[in-house]
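Data first, discussion second: the structure below is written as structure tokens.
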Amino acid sequence: MKLAILGATGSIGQSALNLAEAFPDKIEISALACGRKVGLLAPAVARHRPRVAAVYGPEECGQLREILIDLGVNPLPEILCGPEGQISAAAQSGADVVLSAIAGRAGLLPTLASVRAGLTIALANKESLVCGGELIMPLAAQSGAEIRPVDSEHSAIFQILGGLSGRHIRRLILTASGGPFRGLKLEDLEKVTVEEALSHPRWSMGQKITCDSATMMTKGFELIEAHHLFNLPYDRLEVAVHPQSVVHSIVEYHDGSQMHQAGPTDMRLSIAYALSHPERWPLLPQSPNPGLVNYFPLELPRYAFNQWHGHLTFEEPDRETFRALALAEEAGRVGGTAPAILCSANEEAVDLFISGAIGFTDIIRLVEQVMEALPAEALTSIDQVVALGHEAGRLTKSFSLDLRR
Ligand code: NAD
Ligand code: MG
């Protein structure tokens, strides 16, 4: 396959590049894109020689060109920048599969371009479906684009379904680790630090999603994502806190049978499945690999069944303390522009928290304020989503001035 990786310097992007190293006979890289970390992108460009490389802005363009010349890359790839560059990397680099792994709302337009182009999209960027799912899913049906989830919970469901449609599902149970603050109460959360919020007990991920896991906003986003991906109403979507993060989600079929998918907490598994579906690539050391050329196995940790035997627990989420979950569920049910407002206000508030401007509990306080200030409307266009995103971000900043420490 010809693969374009957006967000190539991020946690998901680097895992995907690791897969490309391990399976050179399966993956040919046609585009690599990132934001500002050109120093990390350059060696991958030199190694995989994509046709297109895209970066944040003109300054990063110049930096990348210089580093590539120093590395002796000749001919140079087409080097693009800005949102247009990300869109071209996705939809005009000759890729047939796009890994959409930019963090945050910036992932929306490149995902949409890939959908419009009718490509296969390995979707990590959950914000795309949260902000624009009501528009993206019908567009995918029109263009023939196939959206395969990378998010571990949705990948679990996709793996369990193995090609069956969502209409066979009675109920989905998304598992949640509970994040670093599981068991704490609101008054404890008032005091937590940025460092504590950014240390996830189970998964190693980018900063924004790690912070969203600490508030549990990420699980709310995932409910909205599941609603769109599997076409299910919210009363058939549930969350179970499962601190061991061994079971990645549960599907209950109409006959009452429940299927659980379990595995190591390593995103390479779900990225690989999104690329290989319906087949599976041998990721474990010493896997049998008939017919694979240049094969070398990844150091994927094995799911240690014996270690977990008797120790797997599932509990109700605490929606009072982790209000983000209830807020996102509500926004999902309201639909229209509500999830986009939620997503944009949250992104701005998370940035403010990480930069030290506001406290941890202020994140959700601000999101609630912005949701109240901007009533939901019907969703009619992506331009509307983008404009509302700016407005929600502006309001979040402005409301935060009253909270600054
Ligand atoms: P990350 O912060 O590690 O990486 C983000 C990537 O996006 C980087 O390559 C960065 O350069 C790029 N980027 C950021 N802003 C950009 C912009 N304006 N233009 C172009 N590129 C930009 O994030 P991550 O953890 O890899 O997560 C990526 C996405 O995948 C997120 O939407 C996240 O919710 C989702 N996801 C991640 C995980 C995980 O385990 N990391 C799991 C499930 C879902
Ligand atoms: Mg997830």
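When a ligand or atom number is given, it counts from 1 through the structure's own listing order. Just so it is clear, the values below take in all heavy atoms, side chains as well, and ignore hydrogens, waters and symmetry mates. This chain uses plain numbering: 1 for the first residue, then up along the sequence.
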Open item on the list: On a heavy-atom basis, which atom in H277 and which in E146 lie closest, and how many Å separate them?
Closed with: CD2-OE2, 4.0 Å

TODO: Answer yes or no: does an N/O atom from A33 fall short of 3.5 Å to an N/O atom of ligand 1?
DONE: no

Task: Note, F23 side chain near S276 side chain (heavy atom, < 4.5 Å) - done: no

TODO: Return the residue, atom name and 0.1 Å-rounded distance of the protein heavy atom closest to atom 43 (C) of ligand 1.
DONE: D151 OD1, 3.1 Å

- [ ] Say whether E190 and T361, considering side chains only, have a donor N or O and an acceptor N or O under 3.5 Å apart.
- [x] yes

- [ ] Say whether T193 and E196, considering side chains only, have a donor N or O and an acceptor N or O under 3.5 Å apart.
- [x] yes

Task: Per-residue contact class, N125 against ligand 1 - non-hydrogen pairs under 4.0 Å - done: both

Open item on the list: Below 3.5 Å, N or O to N or O, backbone or side chain included: is there any such pair between M267 and ligand 1?
Closed with: no

TODO: Identify, for atom 3 (O) of ligand 1, the protein heavy atom at the shortest distance, and state residue, atom and that distance.
DONE: S11 N, 2.9 Å

- [ ] May I ask you to check whether G13 has an N/O atom sitting below 3.5 Å from an N/O atom of ligand 1?
- [x] no

- [ ] Find all atoms of ligand 1 within a distance of less than 4.0 Å from any non-hydrogen atom belonging to A101, and give their numbers and elements.
- [x] 6 (C), 7 (O), 28 (C)

TODO: For atom 29 (C) of ligand 1, find the nearest protein heavy atom and state the residue, atom name and distance (0.1 Å precision).
DONE: I102 O, 3.5 Å

Task: Sub-4.0 Å heavy-atom approach of K208 to ligand 1 - done: no

Task: Aromatic plane relationship, F314 with H242 - under 30° parallel, 30 to 60° tilted, over 60° perpendicular - done: parallel

TODO: Look at ligand 1 and say whether K37 reaches it with a heavy atom at a distance under 4.0 Å.
DONE: no

Open item on the list: Please list, in number order, the atoms of ligand 1 under 4.0 Å from a heavy atom of Q86.
Closed with: 20 (C)

- [ ] Identify, by atom number and element, the atoms of ligand 1 in contact range of C34, meaning under 4.0 Å from any of its heavy atoms.
- [x] 11 (O), 20 (C), 21 (N)

- [ ] Just let me know how A106 lines up against ligand 1, side chain, backbone, both or neither, with a heavy-atom cut-off below 4.0 Å.
- [x] side chain

Task: Of the N, O or S atoms in D151, the one nearest the Mg ion (ligand 2) - done: OD1

- [ ] With heavy atoms of M205 as the reference, note each atom of ligand 1 found under 4.0 Å away.
- [x] 25 (O), 39 (C), 40 (O), 41 (N)

Open item on the list: Could you identify the single nearest non-hydrogen protein atom to atom 35 (C) of ligand 1 and state the distance to 0.1 Å?
Closed with: A124 O, 3.1 Å

Task: Proximal candidate to atom 27 (O) of ligand 1 [heavy atom criterion; set V38, L41, D212, I12] - done: I12

Task: Y56 to ligand 1, any heavy atom closer than 4.0 Å - done: yes

Task: Lys/Arg-Asp/Glu bridge criterion (N-O < 4.0 Å) met for E330, R333 - done: no

Open item on the list: I'd like to know if the side chain of S100 pairs up with that of T111 as donor and acceptor (distance under 3.5 Å, no hydrogens or angles considered).
Closed with: yes

TODO: Nearest 0.5 Å please: distance from the CG atom of L229 over to the CD1 atom of I147.
DONE: 7.0 Å

Task: Contact check, side chains of P77 and V52, non-hydrogen atoms, under 4.5 Å - done: no

Task: Closest protein heavy atom to atom 33 (C) of ligand 1, given as residue, atom name and distance to 0.1 Å - done: I209 CD1, 3.9 Å

Task: Quiz item: cation-pi between R36 and Y56, 6.0 Å / 45° - done: yes

Task: Between S155 and Q159: side-chain donor-acceptor atoms closer than 3.5 Å - done: yes

- [ ] Would you confirm whether R116, through its side chain, and S143, through its main-chain N or O, come within 3.5 Å as a donor-acceptor pair?
- [x] no

Open item on the list: Exactly one of I250, I157, V251 should register a side chain to side chain contact (heavy atoms under 4.5 Å, CB included) with I173. Which one does?
Closed with: I250

Open item on the list: Classify the ring geometry of F230 against H154: parallel below 30°, tilted from 30° to 60°, perpendicular beyond 60°.
Closed with: parallel

Open item on the list: Counting C-beta onward and ignoring hydrogens, is there a side-chain heavy-atom pair between L80 and E84 closer than 4.5 Å?
Closed with: no

- [ ] Measure the distance from atom 4 (O) of ligand 1 to every protein heavy atom, then report the residue, atom name and distance (to 0.1 Å) of the closest one.
- [x] G10 CA, 3.1 Å

TODO: Could you tell me if any non-hydrogen atom of G107 lies under 4.0 Å from any atom of ligand 1?
DONE: no

- [ ] Can you pull out the closest protein heavy atom to atom 32 (O) of ligand 1? Residue, atom name and distance to 0.1 Å, please.
- [x] E127 OE1, 2.8 Å

Task: Angular separation of E222 OE2 and E153 OE1 about the Mg ion (ligand 2), given to 10° - done: 100°

Task: Heavy atom of the protein closest to atom 8 (C) of ligand 1 (residue, atom name, distance) - done: T9 OG1, 3.5 Å

Task: Closest to atom 24 (P) of ligand 1 among A8, G206, G35 (heavy-atom distance) - done: G206

